[in-house]
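The structure appears right after this line, and notes come after that.
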Amino acid sequence: NQLSTNQSLGVKVATPVGNLVGQLLFGWLADVLGRKRMYGVELMIMIVATFGQALAGQAPAVSAIGVIIVWRFIMGVGIGGDYPLSAIISSEFAATRSRGRLMTAVFAAQGWGNLAAAIVAIIVVQAYKTSIIAAPFPAVVPVDYCWRLLIGLGCVPGVVALYFRLTIPETPRFTMDIERNVAQATADIENVLTSGKHVEEDAIVQRVNAPKASRADFAAYFGQWKNMKVLIGTAYSWFALDIAFYGLGLNSSIILTAINFGNPSGLKSSSLYVYQNLYNISVGNLILSLAGLIPGYWASFLVIDSWGRKPLQLMGFAVLTVLFAIMGFAYDALNASTAGKNAFVFLYCLANFFQNFGPNTTTFVIPGEAFPTRYRSTAHGISAATGKLGAVISQVGFAQLVNIGGTGKFVQHIMEIFAFFMLTGVFSTLLLPETKQRSLEDISQEEQEGYIQDAPPSDPTNGSQKQLIFGEGAGMKQRLPAGEENGGGPGGEDPQHSAFAEPSKPSDLAPRDNPKKQLTGNQEENPQAVLRKPSQQKSKL
């Protein structure tokens with residue numbers, strides 16, 4: 001009346017394998033086709049695959065488990081696509097000073113989804129309590145209703161979010177740096193900061209020459225150790241984390257059962273036992289979510305822009321190394337008494353907390369910031385896919401090792417293995433730059449001055465004194481009159497002084513080598529409009 005080792009492994013590993021494919025595929029597509037075009041496509045894949053799982057059946061040629069595994073792989077592709085897209089869109093729209101908090105808030109929604117799943121599980125099991133207890137053991141029919149409802153209801157939040165994803169505007173950084181359309185980027189950001197509406201698709205096209213993504217350019221950029229070490233750092237840190245994160249998350253019921261936490265009192269051959277077991281697992285997941293996952297996310301939210309990403313990740317990996325070592329080496333002592341079992345659950349919740357108040361959050365945030373626009377989504381996808389490779393290895397290893405010496409007897413040694421990988425994460429974190437309070441252009445480690453050449457002619461009908469500096473990432477940096485660098489508005493920018501302000505007159509675009517040269521028009525009337533050199537200019541995004 002339970003899945004075999006290989007069946008259980010197939011169900012658990014199908015989604016991370018799909019994640020890996022989706023992260024690489026959608027990460028690349030988002031850099032090629034655009035963030036907006038891909039955002040929503042991956043959610044539709046998730047919705048269809050989730051609904052397909054809920055309707056899975058079997059036939060003479062195929063088992064229900066086989067059908068579920070196929071649908072979970074497809075669902076995983078959609079979920080995988082969500083990683084780079086959500087990270088990059090939030091990163092490229094965010095103000096520098098609050099970018100970490102915005103990206104963390106986006107990622108922290110995962111914790112609320114985890115909590116919602118645990119609550120729905122409890123509600124569904126309670127709703128079918130009478131039917132489960134009354135049904136002949138092993139209560140196949142009512143339990144079948146339970147799991148189909150539990151999985152199928154996962155479509156609901158996806159459907160709600162779909163409209164917003166399909167109507168989100170393209171990020172101005174993609175429009176500027178990759179499509180190289182300065183006027184469209186200007187109009188997009190102005191509309192977002194003022195009316196919140198997306199600019200019409202047939203807006204005037206105004207282009208500049210900017211570096212294009214290509215195999216040769218990719219090799220040249222990541223061929224430099226200063227850039228390659230960042231990709232290695234983000235990828236391996238995510239890999240080390242997911243070894244433990246998915247090893248725990250997808251096997252929490254096995255671990256809780258191994259220490260007899262909330263052990264059912266009914267006979268193992270009774271339907272009462274079936275109900276109690278399902279209920280206890282649901283409550284256990286609720287406890288883990290409330291005690292560890294959600295507080296960890298929001299603790300990260302509070303400090304990520306003040307402490308910084310790198311210290312937070314280092315602290316998380318260090319504490320996790322200690323926690324897993326204690327749970328592993330003291331496993332027998334903890335499992336010897338009721339107080340010890342409660343202490344183990346407490347340590348387990350702490351591990352969940354410090355995974356999220358640490359590397360689980362920062363491994364999502366840093367790759368969304370540390371690379372240039374033309375490779376930002378691709379590099380994030382590579383990092384996330386490497387993490388999911390760790391999840392797959394963890395699941396395969398867990399399944400093969402956990403029952404060595406008897407059911408659940410190898411759990412203590414698995415904890416020790418997790419401790420080792422957390423220690424390696426400390427060293428990979430040292431390869432990473434600190435990205436807090438730095439513009440995406442600065443973090444990209446590419447020279448900004450003269451980066452984009454042949455600026456297009458500006459609109460002579462616009463009398464604004466605002467001017468543009470062209471650069472990677474945001475693509476443009478605003479040139480403001482003195483004293484207006486720190487306006488109000490979203491993220492600290494005044495809507496009238498937005499990041500992608502349209503240049504006023506051809507005369508306003510003074511030569512880069514001498515900004516004080518050729519002052520005409522508005523600049524003659526307002527000497528304060530004389531511009532600082534690009535290297536001294538703040539990025540407004």
Side-chain angles (χ1 to χ4, degrees), residues 79 82-91 93-122 154 157-158 160-161 164 234 237-238 241-242 244-246 248-250 252 282-320 322-324 345-369 380 384 387 422 425 429 432 434-437 490-492:
I79 294 173
D82 194 69
Y83 275 78
L85 284 165
S86 290
I88 300 311
I89 288 174
S90 55
S91 170
F93 268 119
T96 299
R97 67 186 183 188
S98 59
R99 187 175 61 238
R101 278 169 288 164
L102 178 62
M103 296 180 72
T104 301
V106 169
F107 193 58
Q110 188 182 68
W112 295 113
N114 206 299
L115 175 65
I119 292 173
V120 171
I122 292 174
V160 172
F164 298 98
T234 57
S237 296
W238 209 328
L241 168 75
D242 277 6
F245 187 77
Y246 282 87
L248 292 183
L250 293 180
S252 56
S282 301
V283 172
N285 285 327
L286 181 66
I287 292 171
L288 295 176
S289 180
L290 285 173
L293 291 173
I294 292 176
Y297 284 123
W298 292 102
S300 292
F301 175 85
L302 293 175
V303 303
I304 194 167
D305 279 319
S306 55
W307 286 13
R309 287 63 152 160
K310 191 172 181 178
L312 188 58
Q313 184 163 310
L314 277 171
M315 180 272 298
F317 273 129
V319 173
L320 286 169
V322 175
L323 288 174
F324 283 123
V345 173
F346 174 72
L347 291 170
Y348 191 81
C349 288
L350 271 183
N352 274 299
F353 175 81
F354 279 103
Q355 281 178 332
N356 293 303
F357 183 47
N360 192 37
T361 298
T362 54
T363 52
F364 176 83
V365 172
I366 295 173
E369 303 175 306
H380 193 284
M422 296 303 97
T429 302
L432 300 174
E434 178 52 65
T435 59
K436 74 166 184 175
Q437 306 305 324

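Keep in mind that this is a model prediction, so the values were computed, not measured.
With rounding to the nearest 0.5 angstrom, the CZ atom of F107 is 11.0 Å from the OG atom of S90. One finds the CZ atom of F324 at 11.0 Å from the CG atom of L350 (value rounded to the nearest 0.5 Å). Atoms OG and CD, from S306 and Q437 in turn, are 9.0 Å apart once rounded to the nearest 0.5 Å. The structure places CZ of F317 at 9.5 Å from CD of Q355, a figure rounded to the nearest 0.5 Å. I294 CD1 to Q110 CD: the interatomic distance, rounded to the nearest 0.5 Å, is 11.0 Å. Taking NZ of K436 as the start and CZ of R101 as the end, the distance is 11.5 Å to the nearest 0.5 Å.
A 4.5 Å side-chain heavy-atom check between T429 and K310 finds at least one atom pair inside the cut-off. Under the 4.5 Å side-chain criterion, counting only non-hydrogen atoms from C-beta, F301 is not in contact with T361. Residues Y297 and T104 have side chains not in contact (no heavy-atom distance under 4.5 Å, counting atoms from C-beta outward). The closest side-chain heavy-atom distance from L312 to V303 is below 4.5 Å. Counting only heavy atoms from C-beta outward, the side chains of F357 and M315 approach each other to under 4.5 Å. Side-chain contact check for L288 versus Y348: some heavy-atom pair is nearer than 4.5 Å. A 4.5 Å side-chain heavy-atom check between I366 and Q313 finds at least one atom pair inside the cut-off. Contact annotation: the side chain of T234 never approaches that of T363 to less than 4.5 Å [non-hydrogen atoms, C-beta and beyond].
Judged by distance alone, the side chain of S289 and the main-chain N or O of N285 form no donor-acceptor pair under 3.5 Å. Under a 3.5 Å cut-off, the side chain of D305 and the backbone N or O of G100 do form a donor-acceptor pair. A donor-acceptor pair under 3.5 Å links the side-chain atoms of R99 to the main chain of T435, judged by distance alone. A donor-acceptor pair is defined here as one N or O able to donate and one able to accept, closer than 3.5 Å; no such pair exists between the side chain of S91 and the backbone of M103.
L320 and P359 get closest at one heavy-atom pair: CD1-CG, 4.0 Å. Nearest heavy-atom pair across S282 and A118 is O-CB, 4.2 Å.
Taking the six-membered ring for Trp and thresholds of 30 and 60 degrees, W238 and H380 have ring planes more than 60 degrees apart, a perpendicular arrangement.
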